[in-house]
Amino acid sequence: MKNVQIIEKSSGHIVAEYPVIEELIDDLSEEEYIEEAWDNAVEEGLVEETNRDNYDIEIDGDIH
């Protein structure tokens, strides 16, 4: 299992982390995983939608 991490650039802290279960969702691209994680973080109030440039979004591990 892999994770999509949303990291605050100024502090380096991980503000959100979402697991990716490739066996269940194998038809999504890396960009779609990232978009889905960002949307989830916005919905949960963890990040401001208009401040995306303040965060790095990375995939911890390889997604095939």
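Worth saying up front: this structure is predicted, and the values here are computed from it rather than measured.
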Determine whether a donor-acceptor pair (N or O, by modelled atom type, separation under 3.5 Å) exists between the side chain of Lys9 and the backbone of Asp53.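 Looks like yes, one N/O pair under 3.5 Å.
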Could you tell me whether a side-chain N or O of Tyr55 sits under 3.5 Å from a main-chain N or O of Val15, the two making a donor and an acceptor?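 No; judged by distance alone, with no hydrogens or angles, the pair does not exist.
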[X] [atom1] to [Y] [atom2] distance, which is reported to the nearest 0.5 Å:
{"X": "Gln5", "Y": "Ile59", "atom1": "CD", "atom2": "CD1", "result": "10.0 Å"}
{"X": "Glu31", "Y": "Glu36", "atom1": "CD", "atom2": "CD", "result": "14.0 Å"}
{"X": "Asn54", "Y": "Ile6", "atom1": "CG", "atom2": "CD1", "result": "12.5 Å"}
{"X": "Ile14", "Y": "Asn3", "atom1": "CD1", "atom2": "CG", "result": "8.5 Å"}

Is there a side-chain contact (heavy atoms from CB on, under 4.5 Å) between Trp38 and Val47? Walk through the geometry before answering. CA-CA 8 Å; Trp38 178 256; Val47 297; 3.6 Å; yes
Under a single-linkage definition using a 4.5 Å side-chain heavy-atom cutoff for Ile, Leu, Val, Met, Phe, Trp and Tyr, are Ile57 and Ile7 assigned to the same hydrophobic cluster?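 Looking at the clustering, Ile7 is in a separate group from Ile57.
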Any salt bridge between Glu8 and Arg52, counting N to O under 4.0 Å?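 A salt bridge is absent here (no side-chain N lies under 4.0 Å from a carboxylate O).
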Tell me whether Glu35 at atom CD has more than 12 heavy atoms from other residues, nucleotides or ligands lying less than 6.0 Å away.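 Atom CD in Glu35 is packed in, count exceeds 12.
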Derivation and outcome, side-chain contact (heavy atoms from CB on, under 4.5 Å), residues Glu58 and Val4: CA-CA 6 Å; Glu58 302 174 354; Val4 177; over 6 Å; no
